[in-house]
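Heads up, the thing below is written out as structure tokens.
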Protein chains: 2
Amino acid sequence: MAQPAPSDRELDILKVLWKLGEARVRDVHETLCQRGQCAFTTVQTFLRIMAEKGLVSQRAKGRTLYYKARYSPQRAAARFLHKVFDGSVDQLVLSMLAAEDTSADELKQLEKLIGEARKKKLKREES
Amino acid sequence: MAQPAPSDRELDILKVLWKLGEARVRDVHETLCQRGQCAFTTVQTFLRIMAEKGLVSQRAKGRTLYYKARYSPQRAAARFLHKVFDGSVDQLVLSMLAAEDTSADELKQLEKLIGEARKKKLKREES
DNA sequence: TAGCCTAAACTAATAAGTTAGTTATAAAGC
DNA sequence: GCTTTATAACTAACTTATTAGTTTAGGCTA
């Protein structure tokens with residue numbers, strides 16, 4: 001079963017599941033549609049379809065179904081990267097930097113993050 | 001005119017335009033559908049619709065129309081960032097790093113890129 | 001147990017995306 | 001001038017996304 005890429009709305013629901021972990025339709029609905037912008041049954045339909053597609057997993061606890069994301073933020077990032085930048089992280093990061101809305105402090109933070117990840121990776125490769 | 005986000009196929013076409021700069025339907029078609037996977041008229045229809053949406057610009061040179069992207073890779077990156085990670089570059093980069101398919105060399109390269117961007121930004125902020 | 005509540009399953013309707021064929025028109029060559 | 005060719009404009013069919021209503025059934029309460 002090839003897991004298709006989520007649509008925009010599906011992504012909204014996945015984001016809620018990333019935050020909540022395992023959740024009922026009700027939980028997702030309440031988090032997503034605070035002011036009744038969307039119906040309970042809409043969320044329900046989405047979760048059912050997404051379960052068919054393999055984007056979420058479904059587990060029955062008593063009579064109610066609990067849903068969990070089977071599509072990670074990492075996957076979303078990777079898919080986007082391949083789709084738009086043919087998999088080149090450099091190009092993506094350059095584009096982000098060009099967008100100009102990251103502060104110098106954030107950049108410093110990023111530099112540190114990446115440096116740490118690199119060192120960790122080097123160590124792993126040595127062993 | 002609110003410029004909507006491009007769909008998947010529209011993105012394929014934008015990518016070609018990013019590469020070619022200004023191009024005719026024919027050029028886009030040849031680049032995109034090397035083995036006749038899609039019809040000339042399909043590309044044509046897409047470009048027409050995308051022009052209506054403001055995703056590309058249209059310029060007549062004689063009888064033929066030349067198209068140019070009006071939606072940059074930067075915009076695509078920024079939109080994605082907001083959609084999936086609520087605009088947090090940190091989260092995105094962390095996700096990328098977690099994906100494990102970047103080599104230590106690439107990471108080093110990234111670190112350098114970001115460092116340079118940061119210094120440039122600092123200098124600009126000083127002045 | 002009869003009625004109520006909740007949640008799942010089913011159904012449906014509209015909108016948007018995707019693909020490509022047909023028609024019309026202008027230019028280019030013979 | 002007529003035929004071919006290339007391109008734009010129009011049209012159409014089919015698919016997928018999005019939204020939500022209706023029906024059904026399990027469990028709870030009085």
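Numbers restart at 1 for each chain; the letters A, B, ... are given by sequence-line order, proteins then strands.
Taking atom CG of residue B/Leu65 and atom P of nucleotide C/dA27, one finds them 13 Å apart after rounding to whole Å. Across the protein-nucleic acid pair, B/Glu10 atom CD and C/dG17 atom C1' stand 8 Å apart, rounded to whole Å. To the nearest angstrom, C1' of C/dT19 lies 11 Å from CD1 of B/Ile13. As rounded to whole Å, 8 Å separates atom P of C/dA8 from atom CD of A/Gln58. Taking atom CD on A/Gln44 and atom P on C/dA9, their separation rounds to 8 Å, with Å as the unit. A straight line from CG of B/Leu14 to P of C/dG17 spans 13 Å, rounded to a whole angstrom. Distance CZ (A/Phe46) to P (C/dA8): 17 Å, rounded to an integer number of Å. Residue B/Lys61 contributes atom NZ, which lies 17 Å from atom P of C/dA27 at whole-angstrom precision.
The residue A/Arg24 sits close only to the backbone: its heavy atoms come under 4.0 Å of sugar-phosphate atoms, none of a base. Within the 4.0 angstrom heavy-atom criterion, only backbone atoms of the sugar-phosphate kind lie near A/Arg9; the bases stay farther away.
Counting only residues at least two apart or in different chains, side-chain hydrogen bond (donor to acceptor under 3.5 Å, both in side chains) contacts with residues 20-34 of chain A comprise A/Glu22-A/Arg59, A/Arg24-A/Asp27.
Of the two residues contacting DNA chain D, namely A/Cys38 and A/Arg63, the nearest-nucleotide position lying further toward the 5' end is that of A/Cys38. The residue among A/Gln37 and A/Ala5 whose nearest nucleotide of DNA chain D is located toward the 5' end is A/Ala5. Sequence order on DNA chain C of the closest nucleotides to A/Thr64 and A/Arg48 puts A/Thr64 first from the 5' end.
In terms of the ring-ring contact (aromatic ring centres under 6.0 Å, His included) criterion, residue partners of B/Phe80 (sequence neighbours excluded) are, by chain and number, A/Phe80.
A/Tyr67 is listed as a side-chain neighbour of A/Val25, based on a closest heavy-atom distance under 4.5 Å. Between B/Met50 and B/Leu14 there is a side-chain heavy-atom pair separated by less than 4.5 Å. Within the 4.5 Å cutoff, the side chain of B/Arg9 has heavy atoms near those of the B/Phe46 side chain.
For a distance-only test at 3.5 Å, the side chain of B/Thr41 qualifies as a donor-acceptor partner of the base of C/dG21.
The phosphate of C/dA7 (OP1 or OP2) has a side-chain N or O of A/Arg26 nearer than 4.0 angstrom. Here B/Thr42 does not reach the OP1 or OP2 of C/dT19: none of its side-chain N or O atoms lies under 4.0 Å away. Close to C/dA16, at under 4.0 Å from its OP1 or OP2, lies no side-chain N or O of B/Lys53.
Donor-acceptor pairing under 3.5 Å is recorded for the side chains of A/Gln3 and A/Arg75.
Counting 5' to 3', DNA chain D first comes under 4.0 angstrom of a heavy atom of chain A and last does so at the ends given by D/dA17 to D/dG27.
A pairwise comparison of heavy atoms in A/Ser72 and A/Trp18 identifies C-CZ2, 3.6 Å as the closest pair.
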